[in-house]
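I have placed the structure first, in the form of structure tokens, so that the comments after it can refer back to it.
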There are 2 protein chains.
Amino acid sequence: MNKDLYVALKSLNLKATPKRLAILDILVAESVYLAPEEVWRKMRKRFKSIGLPTIYRNLEDLANGGVLIKIIHPDRKLYYYLCANADHHHHFICINCKKVEDLSYCGAEEIEKEVKKNLKGRVISHLMQVFGLCKDCSVSRTIAT
Amino acid sequence: MNKDLYVALKSLNLKATPKRLAILDILVAESVYLAPEEVWRKMRKRFKSIGLPTIYRNLEDLANGGVLIKIIHPDRKLYYYLCANADHHHHFICINCKKVEDLSYCGAEEIEKEVKKNLKGRVISHLMQVFGLCKDCSVSRTIAT
DNA sequence: TCGTAAATAGAATTTATTTCTATTTAGATA
DNA sequence: TATCTAAATAGAAATAAATTCTATTTACGA
């Protein structure tokens with residue numbers, strides 16, 4: 001299995017259970033974001049019995065540990081996808097094919113500066129998600145809904 | 001009633017019903033963001049019968065029309081608050097007292113440039129929300145949960 | 001290999017949101 | 001001002017998403 005992932009789990013005090021590893025495996029294999037329920041469907045092909053609570057618990061634990069990123073879609077549902085480097089939280093998300101790409105640009109410093117100076121406040125976290133059509137999907141104009 | 005709001009409703013082809021106006025009134029009065037269910041509780045003090053579906057429908061319609069902004073909190077729930085100028089979608093949100101303040105900074109141009117140039121994609125919308133503690137709440141260290 | 005804390009299944013529950021249908025109402029038009 | 005119609009609403013019911021609970025199983029350190 002992937003050495004880095006194993007180390008990551010260790011450092012989070014999470015045991016490397018077959019199901020947890022399979023969840024990671026699925027999310028590593030897909031370069032798109034998946035809803036918990038979609039992860040569940042894929043897991044059911046590999047395990048005869050697998051509960052939805054297990055999916056939720058693991059996704060949440062892994063997201064809290066920074067191994068996964070929780071993507072909040074505008075339509076209320078939560079989606080998750082694997083994040084290779086936990087420091088990078090800025091994404092371009094294709095609303096057609098669901099592919100997620102990293103954005104190098106991040107205005108975090110400017111924001112922090114403005115909040116500190118103008119609002120006298122303190123930044124704890126920020127969320128930046130850019131939705132649009134990726135290269136392929138903006139060529140073929142048809143948009144799935 | 002507020003002239004601007006009336007005009008805004010007109011332009012959205014939304015009728016100025018007492019309940020719709022009251023929802024706006026509540027959200028104008030509060031400078032904090034509110035969950036649909038919180039709006040409902042306040043509305044029940046004014047109307048003897050008021051259904052939750054009415055709250056949801058109105059908040060959604062008003063948000064779609066740009067009169068309200070839909071704030072997506074990290075913990076899955078949706079919150080709403082009134083937006084005076086519909087063009088401004090960048091907020092500093094205090095996780096303690098729920099106050100929402102505008103941020104003037106916006107990296108939209110840089111992002112659009114990067115998506116176009118590096119990813120050959122097309123930006124449709126973007127979301128930037130900064131969570132933290134406002135001036136008052138960062139002074140008193142106690143954080144409500 | 002053994003012991004223990006962590007992880008799990010499966011059922012049940014909770015919470016949030018939406019759908020549906022009959023009734024009411026805002027506001028345009030006569 | 002009275003009438004009409006599409007939009008808005010209540011209230012009940014259904015759906016969807018996420019969580020809780022308890023008994024059982026399992027990873028993995030000693």
Candidate list B:Lys19, B:Arg20, B:Arg46, test salt bridge (charged side-chain N to carboxylate O under 4.0 Å, His left out), partner B:Asp25, passing option: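 Testing B:Asp25 for a salt bridge (charged side-chain N to carboxylate O under 4.0 Å, His left out) against B:Lys19, B:Arg20, B:Arg46 leaves exactly one candidate, B:Arg46.
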Minimum heavy-atom separation for [X] to [Y], with atom names?
{"X": "B:Ile23", "Y": "B:Thr54", "result": "CD1-O, 4.5 Å"}
{"X": "B:Leu21", "Y": "B:Ala16", "result": "CD1-O, 3.8 Å"}
{"X": "B:Phe47", "Y": "B:Pro18", "result": "CZ-O, 4.0 Å"}
{"X": "A:Ala8", "Y": "A:Val67", "result": "CB-CG2, 4.2 Å"}
{"X": "B:Trp40", "Y": "B:Ile50", "result": "NE1-O, 2.9 Å"}
{"X": "A:Phe92", "Y": "A:Leu133", "result": "CZ-O, 3.5 Å"}

Please report, rounded to the nearest Å, how far the [atom2] atom of [N] is from the [atom1] atom of [X].
{"X": "B:Asp61", "N": "D:dT9", "atom1": "CG", "atom2": "P", "answer": "9 Å"}
{"X": "A:Trp40", "N": "D:dT19", "atom1": "CH2", "atom2": "P", "answer": "16 Å"}
{"X": "B:Leu21", "N": "D:dA8", "atom1": "CG", "atom2": "C1'", "answer": "13 Å"}
{"X": "B:Met43", "N": "D:dG11", "atom1": "CE", "atom2": "C1'", "answer": "16 Å"}
{"X": "A:Leu59", "N": "D:dT19", "atom1": "CG", "atom2": "C1'", "answer": "14 Å"}
{"X": "B:Leu62", "N": "D:dA8", "atom1": "CG", "atom2": "P", "answer": "10 Å"}
{"X": "A:Glu38", "N": "D:dA16", "atom1": "CD", "atom2": "P", "answer": "15 Å"}

Sugar-phosphate only, base, or nothing, as touched by B:Arg57 at under 4.0 Å among non-hydrogen atoms: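 Base: the residue B:Arg57, judged by heavy atoms under 4.0 Å, touches a nucleobase.
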Option among B:Asp61, B:Leu24, B:Thr17 that satisfies the side chain to side chain contact (heavy atoms under 4.5 Å, CB included) test with B:Leu9: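 Only one option passes, and that is B:Leu24.
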Residue pair A:Lys113 / A:Asn118, side-chain heavy-atom distance below 4.5 Å: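 No, too far: nothing below the 4.5 Å cut-off.
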Within-4.5 Å side-chain heavy-atom neighbours: A:Met43 and A:Ile55: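 A side-chain contact exists here, since the closest heavy-atom pair is under 4.5 Å.
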Protein-to-nucleotide contact annotation, 5' to 3' order, nucleotides 24-30 of chain D [B base; S sugar-phosphate only; - none; under 4.0 Å, heavy atom]: ---BSS-
salt_bridge(B:Arg41, B:Glu37) N-O dist < 4.0 Å: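 Between B:Glu37 and B:Arg41 there is a salt bridge, with a charged N closer than 4.0 Å to a carboxylate O.
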Residues from residues 46-56 of chain B lying under 4.0 Å of DNA chain D - heavy atoms: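 When residues 46-56 of chain B is checked for heavy atoms under 4.0 Å from DNA chain D, the hits, listed by number, are B:Ser49, B:Ile50, B:Gly51, B:Pro53, B:Thr54.
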A:Asn13 side chain near C:dA5 phosphate (N/O to OP1/OP2, under 4.0 Å):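 Looking at the OP1 and OP2 atoms of C:dA5, neither is under 4.0 Å from any side-chain N or O of A:Asn13.
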Bending between helix ends of the helix from C:dT1-D:dA30 to C:dA30-D:dT1 [5 pairs per end, 10° resolution]: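 The end axes of the helix from C:dT1-D:dA30 to C:dA30-D:dT1 are about 40° apart, to the nearest 10°.
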